[in-house]
Amino acid sequence: MPKYNPAKIEKKWQKYWEDEKLYQVSDSGHDKKNFMLLVEFPYPSGDLHIGHWYAFSVPDIYGRYLRMSGFNVMYPIGFDAFGLPAENAAIKNNIHPRDWTEKNIKNMSKQLRSMGAAFDWTREVSTIDPEYYKWTQWIFLQLYKAGLAYRAETLVNWCPKDMTVLANEQVIDGKCDRCGTAVEQRNLAQWMFKITSFADRLIEDMKDLDWPDSTKLAQKNWIGKSEGININYDVDGTDKQITVYTTRPDTNFGATFIVVAPDSQFVKENKDLFSNPEEIEKYLSESRKKSDLERIAEGRKKTGVSTGLYAVNNLTEKKMPIYVSDFVLASVGTGAVVGVPGHDIRDFEFAQEKGLEVIRVVVGKDGDDSPITKIEQVQEEDGTVVNSQFINGLNIHEATEKIKDYIEEKAWGKRAVNYRLHDWVLSRQRYWGVPIPMVHCADCGYQPVLEKELPIELPPLKDFMPTDDGRSPLAKAGKWLKAECPNCGKPAERETDTMDTFVDSSWYYMRYTDPDNKEEFASKENMAKWLPVPLYFGGAEHNTMHLLYSRFITKALNSQNLVEFSEPFLGRRNHGVILGPNNQKMSKSKGNVVDPDEQVEKFGADTVRMYFAFMGPYDQNYSWNFEGVVGVRRFLDRVWNFTNKLITDNKKLITEPVETRVAIHKAIKNIGEAVKSHKFNVGVSELMKCLNAIENSELSVLSYQSFVKLLAPFAPHIAEELWFRLQMQSRILDSQSESGQVPENYTSIHAEKWPEFDEALLLEESATLVIQVNGKFRDSIKVKRGLSEEEIKKIVLANEKVQKAIDNKEIKKFVYIQDKLTNIVV
RNA sequence: GCCCAGGUGGCGAAAUUGGUAACCGCAAGACACUUAAAAUGUCUCGCUCGCAAGGGCUUGCCGGUUCGAGUCCGGCCCUGGGCACCA
């Protein structure tokens, strides 16, 4: 038998699997249970990086295990191929985004095949394929029909470098998450999805999902539901009212002022009432210029101007001055807050700045009711209400409910719910995306494109450079731009914005069930066979983006009876990030990028896969350790050489000692349990333990086969080769083939069943009994199973080490856990 | 500031879920094979006292519950992540 040469055998088997269509799954016609094992489809950035390997090769272990355990496992793959990087790279390299993207897809498909994953390539989807984005557009139209897609002018995040609008989710610390440029606010008319109308269900429906708690919490916090009350105050001397949202109406007796946001509705509508319009106008233009970043840099310093107006607090009949300040945000609540400086830090800061009255209306546990003069006194987690007439003495939570009831009774306000979540701005002023299928008619306004006209194909523009005027490069596509109004037939113009690529990726999992369907995005029959997705592996960075968007689109389609389920992914597991050897994020500029192709060339795909599995729990981050990989390679070498020993001296493949058989059965049990619970590192470790136990023993053919099967999900190529060689050896196959040709009657190990273990074999006759004295380990002895406490006591007390430890002291207590442990307390 | 996750040898980690802490692997050291090196194999390998037999200590820190705590409870200290002037 030659030396283990992964380069040779891996290519051979990859080709064989593909030729034999081993991983193509049918939707029905079998008696197995369907299981879609979903991984996040990659963006075709150019080359497969180490993160892709981690993301796809480790779940593949699980998929292969499920397959061997009798499931019909679909492991689909595709490309999320629209998006900004293609344009930026295209501009840089003077190449069209489509050419750049298609070249990358080709390259990465090849690289993906070198992983030896059980991908079903016949179901490949690509979001740039018109046959795919036809349905992305169709979904948009369904949402439009349902009133879930609309156009509105709002303050949006604008990236001045990428020259496009960004969703809130794509702004990190006030910067564009793609290029890091400080984001500006612009007032633009944009297409939006009404994700807020599902806010409550997006929170509630999570309780039935088998997702990491951290992911669920991240979504819950992102949606940010708060329950409070909108209170209307009369503006003194006018017929106007001002509405503020508060979650703490119990503190309203301590309210001394009102603050409105510069770009709030109230300011827009009441400019003529302000006593100092010039000063206010100046403040507004200054604050408008400030980016979020500058605002953050400014820290907590409060600025603002008085409007000269007063609001009347019905509870106290006090007049409260109304200010404009940029610490209040127009997009939160009603864009106006009531200032309670005694019990809100921001209000206190503002009051200090403007010399406004501070009233204490809550006392803490210490009962201290002295006037509040320092910021530290403002923080009170819990307390009792004071100085507040009829709610005095109540706990703040009781007071909150009582005052809400009171205000509603008096018709001064109404309970209200607020969300941090805002509607999803999906318009992008960029070329490389799915055109939004709308037409603008001078007479009829915006009209949806007729479904039969889909797809509205992206025109092959030469000049796709973005512009700063807020319009997409598609505005330059003269011929394409012209359309007939679907409503009146007059000449009209197409919408030029493209969709956020998160729309493309929010439904791709549905397409996998029916990738070639020309009539529907996916047939209901096929979706029923596979969906919802039982398990989805991916990165934690999608907690509040892709996963939330996908849930929304699913719920939206479900609300229109277009899909039968309302949650897309029942199970979710996050993977960690692979860092460079210097423990930092891999990046070209840091020069710490580890090329998976190089590692595969050096060690083989099986070693790289198994090393990823072996690193540790799958959801943690690890740095690539060039020295650590060799351990796995050494293991596979040993497996190979061990087989060699068995096969060349085939007397050895007949019988085996009991201990060896036990070791195999233990491995079957432990590895199965480990993989089932996604503890892949434990699985590898158990495999190594098993080899250590059997390596120098004789082994029955059956046990050897079991061992290779256990190896198969982790290292599919070497397992296949060993399986193949065994069949040749045992002359199951008639034709000897050293040329690498696989005979026709060969059956792949990956079509085999996961071995079963014999529970009785694992239950050893004798148990190891741990003996403790005063909780300290003193000895461990082998005892017959099932002995009574009396019998054990006799044996244990006769033990020399125990006697020494007891030292003739009186035994106060004798603890006995059958077949496990005794503890003698003296 | 609020909300998560985590802290175990030189390193990645394991621990039957309250019952022998450190499995498996990396690195390191010694030996064998070799003219030599690599590869491979065998042994040692938490800290500490001891020539040894053997003993003591050890899961971020302090305290508690328990016959018994890495695991449960309370308080604190670090590290990583998410949200953040959200009213």
Side-chain angles (χ1 to χ4, degrees), chain A residues 3 172-173 212-222 224-226 228 244-249 251 259 261 292 295-296 298-302 325-329 331-340 343-347 349-350 379 418-422 540-541 543-544 574 576-577 610-611 614-617 619-632 634-635 637-638 641 670 673-674 679 681-692 696 768-780 801 804 812-817 820-826:
Chain A
K3 259 185 75 182
I172 313 291
D173 293 332
D213 286 341
S214 55
T215 303
K216 290 189 186 182
L217 275 156
Q219 294 214 353
K220 194 169 170 253
N221 292 341
W222 185 263
K225 184 177 182 173
S226 80
V244 302
Y245 173 76
T246 177
T247 55
R248 291 291 306 279
T251 60
V259 188
D292 279 2
R295 247 180 269 261
I296 290 165
E298 218 170 51
R300 305 199 59 97
K301 192 177 152 41
K302 300 288 182 287
S325 172
D326 62 6
F327 87 85
V328 175
L329 309 174
S331 55
V332 178
T334 59
V337 300
V338 54
V340 184
H343 305 286
D344 183 285
I345 288 177
R346 298 150 304 179
D347 295 351
E349 287 163 343
F350 190 75
Q379 289 144 313
N418 248 281
Y419 300 94
R420 210 195 74 100
L421 182 75
H422 289 128
E541 70 274 17
N543 280 351
T544 53
N574 291 339
V577 177
M610 221 165 153
Y611 174 57
F614 190 46
M615 283 181 170
D619 57 356
Q620 309 280 309
N621 298 344
Y622 301 96
S623 48
W624 181 267
N625 182 341
F626 285 105
E627 283 166 336
V629 204
V630 302
V632 174
R634 281 206 273 257
F635 167 75
D637 276 325
R638 273 169 58 206
N641 296 336
N670 292 346
E673 282 172 3
K679 290 165 147 182
N681 57 328
V682 179
V684 177
S685 153
E686 290 296 330
L687 214 43
M688 288 172 167
K689 268 194 237 179
C690 180
L691 181 66
N692 289 347
N696 296 312
T768 306
L769 186 80
V770 171
I771 308 171
Q772 297 181 339
V773 176
N774 285 339
K776 227 172 229 163
F777 173 82
R778 289 297 159 184
D779 203 2
S780 72
K801 288 178 187 167
K804 209 179 142 197
K812 290 186 188 135
K813 195 166 181 179
F814 189 86
V815 180
Y816 176 50
I817 313 292
K820 267 192 174 166
L821 170 140
T822 64
N823 188 11
I824 304 153
V825 186
V826 293

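Note on naming: letters A, B, ... go to the chains in the order of the sequence lines (proteins, then strands), and numbering restarts at 1 for each one. Computed from a predicted structure; not experimentally measured.
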> Which pair of non-hydrogen atoms, one from A:Val259 and one from A:Ser325, has the smallest distance, and what is that distance?
Replying inline: CG1-CB, 3.4 Å
>> Only pairs with both distances under 3.5 Å count, Watson-Crick or wobble alike; so what is the partner of B:rC51 in this structure?
In response: none
> Taking the nucleotide of RNA chain B with the closest heavy atom to each, which residue, A:Asp344 or A:Gly616, is nearer the 5' end?
Replying inline: A:Gly616
> Taking the side chain of A:Met688 as its heavy atoms from C-beta onward, which of B:rG19, B:rC24, B:rG12 lies nearest to it?
Replying inline: B:rC24
> So what's B:rA37 paired with, Watson-Crick or G-U wobble, going by both distances under 3.5 Å?
Replying inline: none
>> Let's test your reading of the model: under 3.5 Å, does the base of B:rC83 pair with the side chain of A:Asn221 as donor and acceptor?
In response: no
>> Just to be sure I understand the rule, does A:Pro212 reach a base, reach only the sugar-phosphate, or reach nothing, if contact means heavy atoms closer than 4.0 Å?
In response: nothing
> Can a salt bridge be assigned to the pair A:Arg346 and A:Glu349 using a cut-off of 4.0 Å between side-chain N and carboxylate O?
Replying inline: no
> Rounding to the closest angstrom, what is the interatomic distance between B:rU20 and B:rG74 at atom P?
Replying inline: 25 Å
>> Please report the distance separating the P of B:rC3 from the corresponding atom of B:rA69, rounded so that it comes out in whole Å.
In response: 31 Å
> Counting only side-chain N and O atoms of A:Tyr622, is one of them less than 4.0 Å from OP1 or OP2 of B:rA13?
Replying inline: yes
> Using a distance-only test with no angle check, is there a side-chain donor-acceptor pair under 3.5 angstrom linking A:Ser226 and A:Asn418?
Replying inline: no
> Within this structure, what is the CD-to-C1' distance between A:Glu627 and B:rC11, rounded to whole angstrom?
Replying inline: 10 Å
> If the P atom of B:rC45 is compared with that of B:rC24, how far apart are they to the nearest Å?
Replying inline: 12 Å
> Atom CG of A:Leu691 and atom P of B:rC24: how far apart are they, to the nearest Å?
Replying inline: 12 Å
> A:Arg778 side chain: which of B:rG56, B:rU40, B:rG12 is closest?
Replying inline: B:rG56
>> Show, in sequence, the C-alpha distance, side-chain angles and deciding distance for A:Val826 and A:Asn774, and conclude whether the side-chain contact (heavy atoms from CB on, under 4.5 Å) test is met.
In response: CA-CA 7 Å; A:Val826 293; A:Asn774 285 339; 3.6 Å; yes
>> Given B:rC83, B:rA13, B:rU20, identify the nucleotide with an atom nearest to the side chain of A:Trp222.
In response: B:rC83
> Distance check: side-chain N/O of A:Arg638 vs OP1/OP2 of B:rU40, anything under 4.0 Å?
Replying inline: no
> In whole angstroms, how far is the C1' atom of B:rU8 from the CD atom of A:Gln620?
Replying inline: 14 Å
>> What's A:Val815 touching, base or sugar-phosphate or nothing? Going by heavy atoms closer than 4.0 Å.
In response: base
> To the nearest angstrom, how far is A:Glu673 atom CD from B:rU17 atom P?
Replying inline: 11 Å
> For A:Val328, which contact category applies under a 4.0 Å heavy-atom criterion: base, sugar-phosphate, or nothing?
Replying inline: base
>> Against the six-membered ring of A:Phe350, is A:Lys302 placed for a cation-pi contact (under 6.0 Å from the centre, within 45° of the normal)?
In response: no
> Does any N or O donor sit under 3.5 Å from an N or O acceptor when you compare the side chain of A:Lys812 with the base of B:rC67?
Replying inline: no
> What integer number of Å spans the C1' atoms of B:rA21 and B:rG70?
Replying inline: 7 Å
> At under 4.0 Å between heavy atoms, what does A:Asn681 touch on the DNA or RNA strands: base, sugar-phosphate, or nothing?
Replying inline: sugar-phosphate
>> Among B:rC26, B:rC24, B:rC85, which nucleotide has an atom closest to any side-chain atom of A:Leu329?
In response: B:rC85
> When the P atoms of B:rG46 and B:rA53 are considered, how many whole Å apart are they?
Replying inline: 15 Å
>> Using the side-chain heavy atoms of A:Phe614, tell me which of these nucleotides is nearest: B:rA14, B:rG12, B:rC23.
In response: B:rG12
> A:Ala218 and A:Thr544: which non-hydrogen atoms are nearest, and at how many Å?
Replying inline: O-CG2, 3.6 Å
>> Need one value for A:Thr768: base, sugar-phosphate or nothing, where a base atom within 4.0 Å counts as base even if backbone is also close, heavy atoms only.
In response: base
> Looking only at heavy atoms, what is the nearest atom pair of A:Phe614 and A:Met688, with distance?
Replying inline: CZ-SD, 3.8 Å
>> Tell me if B:rG9 is syn or anti. Syn = glycosidic torsion within 90° of 0, anti otherwise.
In response: syn
> Of the candidate nucleotides B:rG19, B:rC4, B:rU17, which contains the atom at the shortest distance from the side chain of A:Lys679?
Replying inline: B:rU17
>> Tell me which nucleotide, if any, is Watson-Crick or G-U wobble paired with B:rU17 when both distances must be under 3.5 Å.
In response: none
>> Going by purine N1 to pyrimidine N3 plus the second Watson-Crick contact, or the G-U wobble pair, all under 3.5 Å, which nucleotide sits opposite B:rA30?
In response: B:rU42
> So what's B:rG1 paired with, Watson-Crick or G-U wobble, going by both distances under 3.5 Å?
Replying inline: B:rC83
> A:Val630 side chain: which of B:rG19, B:rC86, B:rA27 is closest?
Replying inline: B:rA27
> Considering heavy-atom distances to RNA chain B, does A:Val337 or A:Ser685 have its closest nucleotide positioned more toward the 5' end?
Replying inline: A:Ser685
>> Rounding to an integer number of Å, can you tell me how far A:Asp619 CG sits from B:rA5 C1'?
In response: 9 Å
> Taking atom C1' in both B:rC49 and B:rA36, what distance in whole Å separates the two?
Replying inline: 42 Å
>> Work out how far the C1' atom of B:rG18 is from that of B:rG64, and round it to whole angstrom.
In response: 16 Å
> Can you name the closest pair of heavy atoms from A:Val338 and A:Asp347 and give their distance?
Replying inline: O-OD2, 3.5 Å
> What is the distance, rounded to the nearest whole Å, between atom CD1 of A:Ile824 and atom P of B:rU66?
Replying inline: 21 Å
> When A:Tyr611 is tested against each of A:Trp624, A:Phe626, A:Tyr622 for ring-ring contact (aromatic ring centres under 6.0 Å, His included), which residue passes?
Replying inline: A:Trp624
>> Using the C1' atom as the point on both nucleotides, what is the distance between B:rC72 and B:rU17, in whole Å?
In response: 11 Å
> Choosing from B:rC3, B:rG41, B:rC4, which nucleotide comes nearest the side chain of A:Ser214?
Replying inline: B:rC4
>> Nearest whole Å is fine: how far is B:rG25 P from A:Asp637 CG?
In response: 14 Å
> If you check every side-chain atom of A:Arg420, which of B:rC86, B:rC24, B:rG41 has the closest atom?
Replying inline: B:rC86
> Within the pair A:Lys776 and B:rC57, is there a side-chain N or O less than 4.0 Å away from OP1 or OP2?
Replying inline: yes
> So which nucleotide from B:rU20, B:rG25, B:rA14 ends up closest to the side chain of A:Asn692?
Replying inline: B:rG25
> In whole angstroms, how far is the P atom of B:rC57 from the CZ atom of A:Phe777?
Replying inline: 15 Å
> Using the purine O4'-C1'-N9-C4 or pyrimidine O4'-C1'-N1-C2 torsion, is B:rU17 syn (within 90° of 0) or anti?
Replying inline: syn
>> Using a heavy-atom cut-off of 4.0 Å across all strands, would you classify A:Gln772 as base, sugar-phosphate, or nothing?
In response: base
